[in-house]
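Step one of this worksheet: look at the structure below.
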There are 2 protein chains.
Amino acid sequence: MMDGKIRRNHRVGWTMDIEARPPQTTQQYVLSQVRRAILTGKLAPGAPIRQDTLAEQLGVSRVPIREALKILEGEGQVTYRPRRGYVVAELALEDFLEVYRLRRILEEEAIRQTLGRITDEDVTRLEEAHAEVVRSSRIHDITAMAAANRLFHFTLFEAAGMPRLLRFLNILWDATDVYRSRYYSEESNRDRVDQEHLGIIEAVRARDADELVRRLNEHRDGTVATLREFITERQI
Amino acid sequence: MMDGKIRRNHRVGWTMDIEARPPQTTQQYVLSQVRRAILTGKLAPGAPIRQDTLAEQLGVSRVPIREALKILEGEGQVTYRPRRGYVVAELALEDFLEVYRLRRILEEEAIRQTLGRITDEDVTRLEEAHAEVVRSSRIHDITAMAAANRLFHFTLFEAAGMPRLLRFLNILWDATDVYRSRYYSEESNRDRVDQEHLGIIEAVRARDADELVRRLNEHRDGTVATLREFITERQI
DNA sequence: AAAATTTATTTTGGATCCAATATTAAGTCT
DNA sequence: AGACTTAATATTGGATCCAAAATAAATTTT
């Protein structure tokens with residue numbers, strides 16, 4: 001085992017793309033980095049998370065690592081067994097379907113609440129998010145598209161003004177982030193998303209709740225059908 | 001500030017009632033104690049949580065405290081602001097209503113799933129839980145009744161076999177634990193609960209999903225109506 | 001050689017120490 | 001006195017150190 005001194009290298013030169021100014025606290029920095037590592041597959045599902053290794057890689061001590069891992073545990077992104085440590089959570093087909101089933105219910109609730117109180121500003125932000133989705137879709141920037149897509153949907157969810165519901169939805173979306181990115185890597189899927197978003201915006205503009213719910217369900221079911229295959233083939 | 005050595009007194013003589021054998025790790029111990037403190041009102045909503053003080057009281061260092069608080073933050077039991085520390089979460093009327101609204105939706109989903117796969121053993125456990133509710137209700141043991149009541153409902157939720165849904169429900173129940181205990185301190189409320197549980201069991205036995213959902217909603221709405229007043233008077 | 005046992009190594013959990021920020025108190029100026 | 005500035009204190013965040021448990025490797029036993 002190594003035990004050289006910590007260099008806190010993330011304050012100086014760090015090569016990764018986003019993460020412009022480092023977060024307020026180190027744990028937040030660690031949290032975002034571990035999130036990214038899981039998302040990009042650097043930390044693969046089922047892989048144990050060695051605190052020492054991670055600490056060394058990020059140039060921090062183990063303390064902020066542990067606190068960040070506790071948060072991820074709460075979100076179900078990692079699983080924890082006392083004295084055994086943390087493991088990147090695996091998503092069986094069953095779990096995947098549960099996530100989408102819960103999303104269907106909770107998103108309908110959020111959406112209906114939103115439609116009753118949505119402002120023109122919200123609609124504008126929705127359209128802007130959509131524009132960004134299209135833009136990043138065109139240039140094949142999967143990461144940007146995933147982020148923009150999330151912003152698109154959460155613009156609607158946030159407007160509901162239900163913090164716990166929002167938190168649950170975030171957790172559910174996080175759980176399948178990896179797979180969603182895969183979905184966007186197919187051009188046909190990207191085009192489909194763009195198209196469906198248009199229909200969603202239309203329903204929002206018309207303040208037609210039932211139609212909106214219908215379109216969102218359709219939108220969601222489309223991804224589920226495709227992603228199902230990714231999951232099952234991973235299982236083999 | 002004091003800084004005497006830690007005595008780890010929770011291994012030896014600790015006066016509190018439950019918590020027979022101490023949990024595997026200190027953070028688990030801390031977690032359960034802080035939970036209890038919030039539940040009993042020792043840590044009142046809005047009150048800042050001083051890590052040093054808490055550490056001294058529990059006879060541990062601040063490290064497990066911090067990890068436990070991170071979990072509670074994830075559950076929304078405490079709020080956190082970097083460099084400012086943790087505060088016991090306050091539940092405004094709005095939040096309270098959100099919790100029950102989400103419970104209504106999620107519990108219906110859990111229940112319907114459960115009814116399709118429930119075993120006779122589950123029903124037996126449900127009846128046992130009910131018996132325990134009645135027993136503790138009779139002897140005016142509010143804490144025991146709250147625990148038994150929770151077991152009663154979660155026997156149904158667990159049988160659904162949906163881990164994320166179960167976790168969400170736990171979070172929602174935790175958020176209003178304090179108020180539910182108050183509800184049970186009224187004898188008439190306790191009797192009402194016992195009665196309604198009988199109806200619920202009946203619907204489960206008959207495998208009548210719609211009837212079960214209806215009864216559960218009624219059951220829930222009853223508490224909401226009463227608890228609403230507790231909340232509003234606290235707000236003043 | 002395979003199983004069981006012992007020893008060595010790794011890894012986690014917790015305690016203590018130190019630095020940085022936030023909060024409070026004291027002092028200064030108008 | 002009230003507002004502003006500066007010093008003192010309290011509190012959090014992070015690093016390091018140590019003990020206990022788990023895992024891996026080596027040894028012994030059958």
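Residue numbers begin at 1 in each chain, while the letters A, B, ... track the order of the sequences. What you see below is based on every heavy atom in this structure, not just the backbone, and it leaves out hydrogens, waters and symmetry mates.
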Any donor-acceptor pair under 3.5 Å from Arg62(A) side chain to Ala55(A) backbone: no
Rounded distance in Å - CD1 (Ile65(A)) to C1' (dT11(C)): 14 Å
Interatomic distance, Lys70(B) NZ vs dG13(C) P [rounded to whole Å]: 17 Å
Phosphate OP1/OP2 of dG13(C) contacted by Thr25(B) side-chain N/O (<4.0 Å): no
Polar contact flag, side-chain donor to acceptor under 3.5 angstrom, Gln27(A)-Arg66(A): no
Given His197(B), Arg180(B), His130(B), the one that forms side chain to side chain donor-acceptor pair (under 3.5 Å) with Asn149(B): His197(B)
Option among Gln77(B), Arg50(B), Lys70(B), Arg81(B) that satisfies the side chain to side chain donor-acceptor pair (under 3.5 Å) test with Tyr86(B): Lys70(B)
Tyr179(A) and Phe96(A) aromatic ring geometry - parallel, tilted or perpendicular at 30°/60° bounds: perpendicular
Touch class at under 4.0 angstrom, heavy-atom based, for Glu67(B) against every strand present: nothing
For atom CD of Glu56(A) and atom P of dT11(C), their distance in whole Å: 12 Å
Touch class at under 4.0 angstrom, heavy-atom based, for Gln51(B) against every strand present: sugar-phosphate
Geometric class of the Phe157(B)/Phe154(B) ring pair [parallel <30°, tilted 30-60°, perpendicular >60°]: perpendicular
Rounded distance (Å) that lies between atom P of dG13(D) and atom CD1 of Ile71(A): 11 Å
Upstream residue (5' side of DNA chain D) when Thr53(B) and Arg66(B) are each assigned their closest nucleotide: Thr53(B)
Between dA21(D) (P) and Asp52(A) (CG): distance, integer Å: 19 Å
Separation of dT21(C) C1' from Gln24(A) CD (nearest whole Å): 11 Å
Phosphate OP1/OP2 of dG13(D) contacted by Tyr80(B) side-chain N/O (<4.0 Å): yes
Atom pairs under 3.5 Å: protein N/O with N/O of nucleotides 22-25 of chain D:
residue: dA22(D); atom: O3'; partner: Arg84(A); partner atom: NE; Å: 3.4
residue: dT23(D); atom: OP1; partner: Arg84(A); partner atom: NE; Å: 3.3

Gln27(B) CD to dA20(D) C1', straight-line distance once rounded to whole Å: 14 Å
Per Val63(A) side chain, nearest of listed nucleotides dG14(D), dT16(C), dG13(C): dG14(D)
Protein-nucleotide distance (Tyr29(B), atom OH; dG14(C), atom P), rounded to Å: 13 Å
Side-chain (Glu98(B)) to main-chain (Arg164(A)) donor-acceptor, under 3.5 angstrom: yes
Sugar-phosphate, base or nothing in reach of Leu69(B), heavy atoms under 4.0 Å: nothing
Check: Arg62(B) side chain, dG14(D) base, donor-acceptor under 3.5 Å: no
Sugar-phosphate, base or nothing in reach of Ile49(A), heavy atoms under 4.0 Å: sugar-phosphate
dT16(D) OP1/OP2 closer than 4.0 Å to side-chain N/O of Ser61(A): no
Under-4.0 Å salt bridge between Asp174(A) and Arg150(A): yes
